[in-house]
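I have placed the structure first, in the form of structure tokens, so that the comments after it can refer back to it.
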Protein chains: 2
Amino acid sequence: MPDSREPAYRYRQVAEALRDRIQGGEWVPGERIPTEAALAAEFDVNRLTVRQAITQLRIIGLVDTRQGSGTYVANPVPLLEVSMASDDDVDHGSLRATAHPAVGHVHERLLSVTPDADAQAAALLSVPASRLFRIATLLESDETLYAVCDYWIDGDRFPGIADGWDDGETMGMRLQSEFDVTAYYSWRRFRADAADPAIASQLGVTVGAPLLIRDGVSHDEHGSPVYYVVRRMRGDRVAYTVNYLDRPTRDR
Amino acid sequence: MPDSREPAYRYRQVAEALRDRIQGGEWVPGERIPTEAALAAEFDVNRLTVRQAITQLRIIGLVDTRQGSGTYVANPVPLLEVSMASDDDVDHGSLRATAHPAVGHVHERLLSVTPDADAQAAALLSVPASRLFRIATLLESDETLYAVCDYWIDGDRFPGIADGWDDGETMGMRLQSEFDVTAYYSWRRFRADAADPAIASQLGVTVGAPLLIRDGVSHDEHGSPVYYVVRRMRGDRVAYTVNYLDRPTRDR
DNA sequence: CACGATTTGTTCGTATGTATT
DNA sequence: AAATACATACGAACAAATCGT
């Protein structure tokens, strides 16, 4: 009777053996593990089989591979904790988004502004698609790129919104200073997806790396939609925390 | 002068060509695309090169492969929209979690109850690790498995919490009925990660598939921690929406 | 139900390209 | 510049799952 715990395939056996050594502390984070050729000899398998095992370990974030250098046990990356907290100075007790209090200084760098007749954004904003512009930005914290953002906004209502954008500014600050408009959230949505080649190269991750995606619509004081935003964040870098400080909130 | 837009590597060229055909509508969702051998012949590359291209498309969710059958254009899976909304019947205006209103009937199936001295959970709950139990469950909606959950809870304070668990119940309902305790959220956190082999087999996804992970701590009426929960959800199935209905919420 | 044909999954061997040291 | 190590690519064979006859 065969042991069903033991996977039949060689590359999985190798992957489990390597994982056990890493998690058992035999190889510590940052350390280089033996070369593919050495592992192939040790386990008496083809080098391609070792590569398949290492590929699995890489996509679950256990190792990093560097061409010409070697394969290294991945260093645990400290998460950027982005908080949404109920705020002391808001007397009505609603949940106010206080972005990035746990991360260092955040830069939002303008990448591009282009007309983009996105049908979905048009529907969400109740604006003719032909009037929409897409504003692409990068979010960095402590020199570390962690997200790419796309905003869709009505170019007729907010002409030149991106002109003279400074790296220290955010979209919310620009709306306030240029148009005297305060943007409030209507809704925000969290998803997870794999990085396609385009996003992967922008964020500096491998194709298929997990992304935390947050999108949402903002509105002004009168309830009129202002912009639709999609943020694609590195899953290995960012976590979003919702704090319920003021009042008990039922979990059911 | 070579066109830098054109990737040099064959497998990427093949991946882009296949992606263009799918997104261009040449092959529709559910349709079987040509076999690896046929594509290898068409592009004049080795079959392993075609496989590498298809692997990329599978990782980003564009195709499904079935051994013995073929490679199919992936059907867009409708997202289960899980909402957290401010609730009408809560007079103090706080954000109350109303789980799963947009999905069908949710079953939480008990998998296992085991003593588990998890140090992190112990710290979060302010309970000696030796008293902790881990309760593993599955979440299903309309016969579709979409999440695996782990709860850590004080076995001394809530003895036999999982005894006689019915599929229609949830942890919150059991705490209410068995111990007359209402669980409120202290905080909830959203992350994204890749599925390791253990989670992948539980959720029926491939290793490396993106997961939306929500963890958090709940407390009772007196502010005392009740449990720590980790939900690992299929990224291709679930989206979490936070609705701000009652009051404007600043985006900054 | 059996069986063969088809198709993807795994593994070997070998060679060459490219980035790092 | 040379050696090292991962990345890409080719060819071949067998295993395992699926499907139609």
Side-chain angles (χ1 to χ4, degrees), chain A residues 2 4 6-18 22 27 30-59 61-74 197 200-201 204-209, chain B residues 2 4 6-18 22 27 30-59 61-74 197 200-201 204-209:
Chain A
S4 61
E6 191 71 16
Y9 294 123
R10 317 287 300 271
Y11 80 91
R12 294 191 191 183
Q13 295 173 359
V14 175
E16 288 195 8
L18 298 179
I22 291 169
W27 298 322
E31 184 178 353
R32 205 187 78 176
I33 75 174
T35 67
E36 295 173 354
L39 291 171
E42 179 193 339
F43 289 99
D44 193 27
V45 295
N46 190 269
R47 203 189 123 209
L48 190 64
T49 304
V50 170
R51 278 183 66 76
Q52 252 183 111
I54 289 179
T55 295
Q56 281 225 347
L57 300 181
R58 195 185 49 220
I59 62 185
L62 226 49
V63 300
D64 287 326
T65 58
R66 294 205 281 275
Q67 183 176 175
S69 177
T71 301
Y72 299 82
V73 178
S201 73
V205 297
T206 59
V207 173
Chain B
S4 60
E6 189 72 15
Y9 296 122
R10 318 286 299 270
Y11 81 91
R12 293 191 192 180
Q13 294 173 359
V14 174
E16 288 194 9
L18 297 179
I22 291 169
W27 298 322
E31 185 178 354
R32 207 188 76 175
I33 74 174
T35 67
E36 296 172 353
L39 291 171
E42 179 193 340
F43 289 100
D44 194 27
V45 297
N46 190 271
R47 195 185 135 213
L48 275 181
T49 303
V50 171
R51 279 184 66 77
Q52 211 169 345
I54 289 178
T55 295
Q56 281 223 347
L57 299 181
R58 195 186 49 219
I59 284 174
L62 227 48
V63 300
D64 287 325
T65 58
R66 295 205 280 275
Q67 183 175 172
S69 178
T71 301
Y72 299 81
V73 179
S201 73
V205 298
T206 59
V207 174

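Numbered from 1 within each chain, the chains take letters A, B, ... in sequence-line order.
- Between Arg10(A) and Phe43(A) there is no side-chain heavy-atom pair separated by less than 4.5 Å.
- Base contact: Leu48(B) has a heavy atom under 4.0 Å from a base atom.
- Between Ile33(A) and Trp27(A), the shortest heavy-atom distance links the atoms CG2-CE3, 3.6 Å.
- One atom, CD1 of Ile54(B), and another, P of dT7(C), lie 13 Å apart when rounded to the nearest Å.
- Within the 4.0 Å cut-off from OP1 or OP2 of dG9(C), at least one side-chain nitrogen or oxygen of Arg51(B) is found.
- The nearest heavy atom of DNA chain C to Arg58(B) and to Arg47(A) marks one nucleotide each, and the one closer to the 5' end goes with Arg58(B).
- What separates CD of Gln56(A) from C1' of dT10(C) is a distance of 13 Å, to the nearest Å.
- Using a 4.0 Å cut-off on heavy atoms, the residues of residues 34-43 of chain B that approach DNA chain C are Thr35(B), Glu36(B), listed by number.
- Per the geometry, OH belonging to Tyr9(A) stands 10 Å off P belonging to dG9(C), to the nearest Å.
- Between Ala15(B) and Ala53(B), the shortest heavy-atom distance links the atoms N-CB, 3.6 Å.
- Taking 4.0 angstrom as the limit, Thr49(A) places a side-chain polar atom (N or O) nearer than this to OP1 or OP2 of dC12(C).
- Between the OG1 atom of Thr71(B) and the CG atom of Leu18(B) there is a distance of 9.5 Å, given to the nearest 0.5 Å.
- dT16(C) atom P lies 17 Å from atom CD of Gln67(A), rounded to whole Å.
- Contact check for Val14(A) versus Leu39(A): no side-chain heavy atoms found under the 4.5 Å cut-off.
- The minimum heavy-atom distance linking Arg58(A) with Thr65(A) is given by the pair NH1-OG1, 3.3 Å.
- The distance between atom CG of Asn46(A) and atom P of dG9(C), rounded to the nearest whole Å, is 19 Å.
- The separation between Tyr11(A) atom OH and dT8(C) atom C1' is 12 Å, rounded to whole Å.
- dT6(C) atom P lies 19 Å from atom CD1 of Ile33(B), rounded to whole Å.
- Nucleic acid contact for Arg66(A): sugar-phosphate only, since backbone atoms but no base atoms lie under 4.0 Å from a heavy atom of the residue.
- Residues Ser69(A) and Arg32(B) each lie close to DNA chain C; by heavy-atom proximity, the contact nearer the 5' end of the strand is made by Arg32(B).
- With a 6.0 Å cutoff to the six-membered ring centre and a 45° limit on the axis angle, Arg66(B) counts as a cation-pi contact of Tyr72(B).
- Using the Watson-Crick or G-U wobble rule with both distances under 3.5 Å, dA3(D) pairs with dT20(C).
- Per the geometry, CZ belonging to Arg10(B) stands 10 Å off C1' belonging to dC10(D), to the nearest Å.
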